[in-house]
Asks: 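One structure, pasted below without further comment.
Here is the naming used below: chain letters follow the sequence lines, and residue numbers restart at 1 for every chain.
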Amino acid sequence: RKEVEQDPGPFNVPEGATVAFNCTYSNSASQSFFWYRQDCRKEPKLLMSVYSSGNEDGRFTAQLNRASQYISLLIRDSKLSDSATYLCVVPLGGNKLVFGAGTILRVKS
Amino acid sequence: DTEVTQTPKHLVMGMTNKKSLKCEQHMGHRAMYWYKQKAKKPPELMFVYSYEKLSINESVPSRFSPECPNSSLLNLHLHALQPEDSALYLCASSQGQGAPAGELFFGEGSRLTVL
């Protein structure tokens with residue numbers, strides 16, 4: 001099993017839709033998890049951190065399910081500007097981070 | 001604007017050239033990273049420096065040589081590269097020990113083409 005797995009998509013959704021991505025991880029010892037956003041030909045930027053049960057920031061909600069070893073990212077009321085690749089990141093200890101392959105989101109008008 | 005600065009933004013080099021990529025941060029972060037990213041792929045970890053000491057080398061070929069002259073600077077020296085080394089090279093920093101390990105600040109990257 002890969003250390004971090006994501007559905008690559010693309011997820012094509014209309015503006016205003018709610019969309020959710022999942023990310024599964026294999027290291028049960030991981031305590032914290034992160035979602036990054038990467039625009040085309042740009043650097044990744046931290047979107048949200050998830051340390052316990054979940055985190056909410058405006059239209060974005062991240063949830064952690066330790067029993068099933070996955071995290072999710074929910075985006076409500078999608079905007080055109082949300083179109084990007086969303087990367088799941090899992091620390092493995094000692095500053096070693098593993099990136100998922102990323103999920104492509106395309107929001108269309 | 002990113003607080004991690006990378007130079008050059010673009011670099012074209014031949015297989016016999018020697019060049020360097022540079023990265024600078026002034027956030028007081030004590031961990032610095034080099035990642036390599038190919039098109040449509042996620043970033044792949046190459047090296048990590050923690051408190052100016054090399055802590056992780058992900059079995060990177062010796063034609064890539066990292067250097068951390070001080071806590072604000074990180075270099076990647078390139079020599080005898082292959083065309084398949086063409087990629088976006090991303091530098092990142094994080095606070096270091098005691099801070100969340102996954103909160104990275106990335107530079108805009110250096111886009112390298114090896115001819």
Asks: Among A/Gly93, A/Ser49, A/Ala101, A/Pro44, which has the most heavy-atom pairs under 4.5 Å with chain B?
Replies: A/Pro44
Asks: Among B/Glu44, B/Arg111, B/Lys41, which residue has the highest count of heavy-atom pairs closer than 4.5 Å to chain A?
Replies: B/Arg111
Asks: What side chain to side chain donor-acceptor pair (under 3.5 Å) pairs are there with at least one residue in residues 87-99 of chain A, not counting sequence neighbours?
Replies: A/Asn95-B/Tyr33, A/Lys96-B/Glu58
Asks: What heavy-atom pair brings B/Pro42 and A/Gly100 nearest, and what distance separates the two atoms?
Replies: CB-O, 3.1 Å
Asks: Determine whether A/Phe60 and A/Val50 fall in the same hydrophobic cluster, where Ile, Leu, Val, Met, Phe, Trp and Tyr are linked whenever their side-chain heavy atoms lie under 4.5 Å apart.
Replies: yes
Asks: Group every Ile, Leu, Val, Met, Phe, Trp and Tyr by side-chain heavy-atom contacts under 4.5 Å, then state whether B/Leu45 and A/Phe99 land in the same group.
Replies: yes
Asks: Could you tell me which of A/Leu46, A/Val98, A/Leu97 has the largest number of non-hydrogen atom pairs under 4.5 Å with chain B?
Replies: A/Leu97
Asks: Looking at side-chain heavy atoms only, is the closest gap between B/Leu104 and A/Tyr36 below 4.5 Å?
Replies: yes
Asks: Any pair with a residue in residues 74-91 of chain B that passes side chain to side chain donor-acceptor pair (under 3.5 Å), sequence neighbours left out, goes on the list, sorted by first then second residue, please.
Replies: B/Ser20-B/His77, B/Arg63-B/Asp85, B/Glu67-B/Asn75, B/Glu67-B/His77
Asks: Any chain of hydrophobic side-chain contacts (each under 4.5 Å) joining B/Trp34 to B/Met13?
Replies: yes
Asks: Identify whether A/Val4 and A/Phe11 are in the same connected component of the hydrophobic contact network (ILVMFWY, side-chain heavy atoms under 4.5 Å).
Replies: yes
Asks: Apply side-chain hydrogen bond (donor to acceptor under 3.5 Å, both in side chains) to residues A/Glu43 and B/Gln37 and explain how you reach the verdict.
Replies: CA-CA 10 Å; A/Glu43 75 277 17; B/Gln37 187 173 27; over 6 Å; no
Asks: Could you give the distance from CG (B/Leu90) to CD (A/Gln38), rounded to the nearest 0.5 Å?
Replies: 7.0 Å
Asks: Decide yes or no for A/Phe34 and B/Glu103: does some side-chain heavy atom of the first lie under 4.5 Å from some side-chain heavy atom of the second?
Replies: yes
